**Q** 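Attaching a single structure in structure tokens format; questions to follow.
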Amino acid sequence: MDGVPGNTQCPIAPGSTFTYRFRADLYGSTWYHSHWSAQYGSGLFGAMNIYGPKNVEYDSDLGPVMMHDYYHGYYEDAVKKTLADPASGQAGPPLANNNLINGKASNGPAPMASFNVTSGKSYRLRLINTSAASVQKFTIDGYTFTIFANDFVPIVPYDTDVVTLAIGQRSDILFKASGKSTDAVWMRAFRPPPCGPTAGGEEVTAAIFYEDADRSQRPTTSPGPNAYNTYCGNDPLSQTVPYYPIPAGDPTTTEVLPLAFRSNGTALLWYIKDQTFRINYNDPILLESKLGNLDFPEIQSVHNYGTNKSVRFIIENPGNQPHPMHLHGHNMFILQEGPCAGDGGVQGGPPSGAPRPATTPAPSTPAPSTPAPSTPAPSTNGTKRDLNIDYGLKVKREDKQGSCWDGTIVNPWNPQRRDVHMLMPGSYIVIQWFQDNPGVWPLHCHIAWHLSAGMAWMVLENPDAIANDVEIPSIMSQTCRDWTTYSGENIVKQIDDGI
């Protein structure tokens, strides 16, 4: 029920319906969105709250705070601009025109989003970045708050005055309404220009009204010191400690995935380990895997990791754009991050009081009863490669297949877990996950335009279990029959990689 067309199912044909049924085996704050091309960038998404145990106490749940960029043009126009060859004179990243909270702006005559609180009470806010291409900085004027969950993972609470959310990320915060009953306060979401192309409208505000506030008047509070911070990265790995500890252990396979951006002669495309991606809507990968057919075309970028128990990726980004990397079907361990060879410099600076992570922070002191995992540095091949990065920028670097990482792990006995993490410019991240969920799971950049341009790597997990143990509802076949009928009578405008 992952819903990715051409991957787990055929697309839902116009005039047809499909009901998603799934077991909510994780809990927290999340969102659903279309995976047809970059369609969600034009608004096809929404929030989901999945309720479960609390790791902090609060009086009331104020629900989702969705922060997202807004484009005056339709998503198809943005995709065409993204893929255009530089020689055409039409190439370049789409520019966001505005920023919204829960679908509402704070400039112009349209109504803004607002939240009601009572003095002395505490509240849960479910922060979600549903943008197509923008990092979001969340603040509340004059307040600090407590982060107690990231994505689907409860964490040891810590206090801050700013939350940085890459696209797709969620953070649950505890806000204590410590003001007077007549107060009105601004909540802010800011898109840092260095983190994504923009045509203006970087900030949106929403009002927090106390019980006796004058709701006919807008708040007059001023932004805090980190409201306009331009550092694109997430908080240091050492700061985020999962509430329920799980050690990462040793992987049974490791792979290095360098990123590149270049023309294939007709379009600008993203490549992962020299491979770009395009889906076939009429022949979903999962359904073929169920039949035991594992010989996929190279352009589908399907990578079979068999029955390996644990997989580790070292993802290297030599360019000058950040990439929020997302893995479907798993909470991935984020083991390490840091600078990589190359001259795509890191933009901006970290929030005050939260220094940028060191290149190789020392692991936490191990628990006496837990042996330290063995983490040898990956081997190198010493080859050189020229990479076309970011709309024509040439970057030369030594591509030594993982030499950016020295093998250290931040808190190996309980590393950060989440399903999206920001890969900074000129940097690497090390991710790992347990192969305990048989299926076909996309690993991709969550910038809609980058994904449209082929930045996806399909993880085929335990195909034997897919063939023998995974139950695929018969409605999947009916959905494909409906789609085959539709696509046989209509031209399907697949102008990008399809997801």
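Nothing here was measured: the structure is a model prediction, and the numbers come from that model.
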**Q** Can you list the residues that meet the disulfide (SG to SG under 2.5 Å) rule with Cys10, with sequence neighbours excluded?
**A**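 For Cys10, the residues satisfying disulfide (SG to SG under 2.5 Å) (neighbours in sequence not counted) are Cys480.
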**Q** Please examine the side chains of Ile167 and Ser131, heavy atoms only from C-beta on, and report whether any two atoms are closer than 4.5 Å.
**A**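 Ser131 vs Ile167: side chains touch.
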**Q** Is Arg312 close enough and on-axis enough to Phe333, meaning under 6.0 Å and within 45°, for cation-pi?
**A**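 No; the conditions do not both hold, so Arg312 does not lie above the ring face of Phe333.
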**Q** Once you measure the plane-to-plane angle for His330 and Trp433, does it fall in the parallel (<30°), tilted (30-60°) or perpendicular (>60°) bin?
**A**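 If you compare the ring of His330 with that of Trp433, the planes turn out tilted.
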**Q** Would you please say whether a donor-acceptor pair under 3.5 Å links the side chains of Ser122 and Lys176?
**A**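 Note: Ser122 and Lys176 side chains miss the donor-acceptor criterion.
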**Q** Angle between ring planes, Trp483 versus Tyr281, binned at 30° and 60°: parallel, tilted or perpendicular?
**A**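 Rings of Trp483 and Tyr281: perpendicular, over 60°.
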**Q** Of the non-hydrogen atoms in Asp141 and Pro223, which two are nearest, and what is the gap between them?
**A**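 Asp141 and Pro223 have their closest heavy atoms at OD1-CA, 3.3 Å.
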**Q** So, Lys54 and Asp172, do they make that salt bridge, N to O below 4.0 Å?
**A**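 Salt bridge between Lys54 and Asp172, a charged N being under 4.0 Å from a carboxylate O: no.
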**Q** Between His328 and His444, is the gap from one ring center to the other below 6.0 Å?
**A**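 Under 6.0 Å, so yes.
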**Q** Is there side-chain contact between Asn234 and His421, with heavy atoms separated by less than 4.5 Å?
**A**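 When only atoms from C-beta onward are counted, His421 and Asn234 do touch, with a gap below 4.5 Å.
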**Q** Check this for me, if you would: do Lys309 and Asp436 make a salt bridge, where the nitrogen-to-carboxylate-oxygen distance has to be below 4.0 angstrom?
**A**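 Looking at Lys309 and Asp436, the cut-off is not met.
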**Q** Listed by chain and number, what are the ring pair (Phe, Tyr, Trp, His ring centres under 6.0 Å) partners of Tyr20, not counting sequence neighbours?
**A**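 With sequence neighbours excluded, Tyr20 shows a ring pair (Phe, Tyr, Trp, His ring centres under 6.0 Å) to Phe18, given in chain and number order.
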**Q** Would you say Asp161 and Thr144 are linked by a side-chain donor-acceptor pair, where the criterion is simply a distance under 3.5 Å?
**A**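 Thr144 vs Asp161: no donor-acceptor pair found between side chains.
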**Q** Do Ser310 and Gln435 have a side chain donor and acceptor closer than 3.5 Å?
**A**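 The criterion, which ignores hydrogens and geometry beyond distance, is not satisfied for Gln435 and Ser310.
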**Q** So which heavy atom on Val410 is nearest to which on Pro415, and how close?
**A**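 So the two residues come closest at O-CB, 3.8 Å.
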**Q** Out of curiosity, Leu327 CG to His446 NE2, how far, rounded to the nearest 0.5 Å?
**A**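 Answer rounded to 0.5 Å: 11.5 Å.
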